[in-house]
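To start, the structure under review is shown below, and the notes come after it.
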Protein chains: 2
Amino acid sequence: MNISDFLMSLVSFSKDELNDILNHFEKESVLKNEVLVQQGDICNYLYYVEQGMGRSYYLNESGREITQWFFGVGKFMTSADSFFQKSPSLYYLEVLEDSVLYRISKSNIDKLFEKYPKMEKLGRLASIEMLTRVVNKLNAIQFQTAKERYDYMLAEFPDIVYQVPLGHIASYLGMSQETLSRIRKNEPKIM
Amino acid sequence: MNISDFLMSLVSFSKDELNDILNHFEKESVLKNEVLVQQGDICNYLYYVEQGMGRSYYLNESGREITQWFFGVGKFMTSADSFFQKSPSLYYLEVLEDSVLYRISKSNIDKLFEKYPKMEKLGRLASIEMLTRVVNKLNAIQFQTAKERYDYMLAEFPDIVYQVPLGHIASYLGMSQETLSRIRKNEPKIM
DNA sequence: ATGTTTTTTTGATATATGTCAAAAGGAAAT
DNA sequence: ATTTCCTTTTGACATATATCAAAAAAACAT
């Protein structure tokens, strides 16, 4: 989904407005496994994923990677807290495939917020949408068995679930990769 | 914290703006254990908690109450999805103490969003703040032991943790109340 | 104060899932 | 094609936490 259509699907901008807004973004092509943000750095950009996919993750005490979120096509990807508060990021941000992104800096997005009230609305809608998704995951994680959590994953990220290493999904779902492997064995896989 | 100070702490409104905004809210005093929203109903209001506290919860398959969130003084309380999408609420909303609330209807808040771009900003900021909190909880729930989750609770809801039934906290933290009881036994309680 | 209900604690036991280690399978590189 | 590296699977065993049941404590009502 291209970025214009995506923006317009949330708020209807005039042609001029849309063009002005798009001019605050920069298009960027990045290769598989490229790291956009390091843990501890400030995340300077909000990225729109036009093609490809990414994830955020952190290293736990044992130094193991824990996937925190997946970002598919047509989504905003960022280390939200870091980006909005200009605080050190708790997460790494990386792309998992060759991807096409549109990025916008904090100062540019703030300019847009000032200039266009509709942008505030867009920000509000995008935040609430993300909030809903996180709440969904929370409910899955908190009260469901490993098997049920995997079902949640299939529903929430159908496009992603068969394209990334099993270990990434396991850590995202809060289970060991051995457990996920055993679950998959019993899952009647439709292909 | 009274509602005016709260609003002004997020966005600075003029005196007239603030008064107009406040006129869209209704003050309401409710007694302990009163249920504001039933599961399946539409949540028609967003509540600001000036005094007291509340929680959202749902009934799981076994009919047991699962606390989903606590809302303390100075917070907005609502069944977010239901309120914003006018969809049936997945949760009950109840107050856990005699409380003083300010409520605003969906149509009124939409009027304010239309009238004041600053309100969009307020909505965006409040959503992002909530998002951050939910992400925090998610991280606590997903990768921490029962003991560590209780520590998270102490940090996130210091004012609430000793004032509500242990069972509510246990279900909020995704553990049995027996487990929480055993954890508390070993927690050096400062009083 | 006394009885009744609700909440919390304690003990015994069960189980889902984690951890560790090694084998198998696939992908990438020479 | 072979080698090397990375990912996934399998097996054996350990353990945190759930569940069930009952006692103790606290809160509430008459």
Side-chain angles (χ1 to χ4, degrees), chain A residues 31-35 53 55 57 59-67 70 94-98 139-154 160-189 191, chain B residues 31-35 53 55 57 59-67 70 94-98 139-154 160-189 191:
Chain A
L31 296 177
K32 180 171 176 171
N33 295 328
E34 191 165 317
V35 174
M53 69 172 91
R55 66 159 181 157
Y57 69 95
L59 301 178
N60 70 4
E61 327 75 52
S62 346
R64 193 175 297 181
E65 293 181 2
I66 307 290
T67 298
F70 292 106
E94 72 171 8
V95 299
L96 297 170
E97 281 188 346
D98 297 356
N139 286 333
I141 292 285
Q142 186 164 9
F143 292 109
Q144 303 190 344
T145 63
K147 166 89 176 58
E148 290 167 324
R149 273 177 272 162
Y150 183 61
D151 292 338
Y152 146 83
M153 177 80 196
L154 288 170
I160 289 179
V161 77
Y162 289 121
Q163 291 175 244
V164 305
L166 173 141
H168 291 175
I169 297 173
S171 71
Y172 175 79
L173 294 176
M175 64 183 75
S176 69
Q177 71 167 13
E178 291 91 333
T179 295
L180 181 52
S181 173
R182 289 184 245 260
I183 288 170
R184 273 203 172 161
K185 199 169 67 166
N186 301 321
E187 194 83 3
K189 204 188 292 184
M191 294 222 70
Chain B
L31 296 177
K32 180 171 176 171
N33 295 328
E34 191 165 317
V35 174
M53 68 173 89
R55 67 160 180 155
Y57 69 96
L59 301 178
N60 70 3
E61 327 78 51
S62 347
R64 194 175 296 179
E65 292 181 3
I66 307 291
T67 299
F70 291 106
E94 73 171 8
V95 299
L96 298 170
E97 281 189 344
D98 297 356
N139 287 333
I141 292 285
Q142 186 164 8
F143 292 109
Q144 302 191 345
T145 62
K147 165 91 176 59
E148 290 167 325
R149 273 178 271 161
Y150 184 62
D151 291 339
Y152 146 83
M153 177 80 196
L154 287 170
I160 288 179
V161 77
Y162 288 122
Q163 290 174 245
V164 305
L166 173 139
H168 291 176
I169 297 172
S171 72
Y172 174 80
L173 294 177
M175 66 182 75
S176 70
Q177 70 168 14
E178 292 92 332
T179 295
L180 180 53
S181 173
R182 289 184 245 261
I183 287 170
R184 273 204 172 160
K185 198 169 69 167
N186 301 321
E187 194 82 2
K189 203 189 295 186
M191 296 223 70

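Here is the naming used below: chain letters follow the sequence lines, and residue numbers restart at 1 for every chain. Predicted, not measured: the structure shown is a model, and the values here were computed from it.
Here the CG-CG distance, from B:L166 to B:L180, works out to 4.0 Å after rounding to the nearest 0.5 Å. Between A:H168 atom NE2 and A:L96 atom CG the span is 6.5 Å, to the nearest 0.5 Å.
Rounded to whole Å, atom P of D:dT17 lies 11 Å from atom NZ of B:K147. At whole-Å resolution of the value, CD1 in B:I183 and P in C:dT10 are 14 Å apart. Going from atom CD of B:E148 over to atom C1' of D:dA16 covers 12 Å, rounded to whole Å. C:dG18 atom P lies 10 Å from atom CZ of A:R64, rounded to whole Å. Rounded to an integer number of Å, the gap from A:E65 CD to D:dC6 P is 13 Å. C:dT7 atom P lies 17 Å from atom CD of B:Q163, rounded to whole Å. Rounded to whole angstrom, the span from the CD1 atom of B:I141 across to the P atom of D:dA16 amounts to 18 Å. Between B:L180 atom CG and C:dT10 atom C1' the separation is 15 Å, expressed in whole Å.
Ring pair A:F70/A:Y172 is tilted by interplanar angle, where 30° to 60° counts as tilted.
Counting only heavy atoms from C-beta on, A:T145 has its side chain closest to C:dT17 among D:dT10, C:dT8, C:dT17. Taking only side-chain atoms of A:R182, from C-beta outward, the nucleotide of D:dT17, C:dT8, D:dA12 with the closest atom is D:dA12.
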Yes or no on side chain to side chain contact (heavy atoms under 4.5 Å, CB included) for A:I169 and A:T67, after CA distance, side-chain angles and deciding distance? CA-CA 7 Å; A:I169 297 173; A:T67 298; over 6 Å; no
Checking B:E97 against B:L31 for the side chain to side chain contact (heavy atoms under 4.5 Å, CB included) test, could you report, in this order, the C-alpha distance in whole Å, the side-chain angles of both residues, the deciding distance, and whether it holds? CA-CA 6 Å; B:E97 281 189 344; B:L31 296 177; over 6 Å; no
Show the numbers, then the answer: is there a side chain to side chain contact (heavy atoms under 4.5 Å, CB included) between B:R149 and B:M175? CA-CA 9 Å; B:R149 273 178 271 161; B:M175 66 182 75; 4.0 Å; yes
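B:E65 and B:R55 are joined by a salt bridge, as a carboxylate oxygen and a charged side-chain nitrogen come within less than 4.0 angstrom of each other.
Phosphate contact (OP1/OP2 of D:dT10, side-chain N/O of A:K185, threshold under 4.0 Å): present.
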Atom pairs, N/O to N/O, protein against nucleotides 24-30 of chain D, distance under 3.5 Å?
none

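In terms of the salt bridge (charged side-chain N to carboxylate O under 4.0 Å, His left out) criterion, A:E178 has no residue partners (sequence neighbours excluded).
The stretch residues 172-179 of chain A touches DNA chain D through A:Q177, A:E178, each having a heavy atom under 4.0 angstrom from the strand.
Between the side chains of B:Y150 and B:R184, at least one donor-acceptor pair of N or O atoms lies under 3.5 Å.
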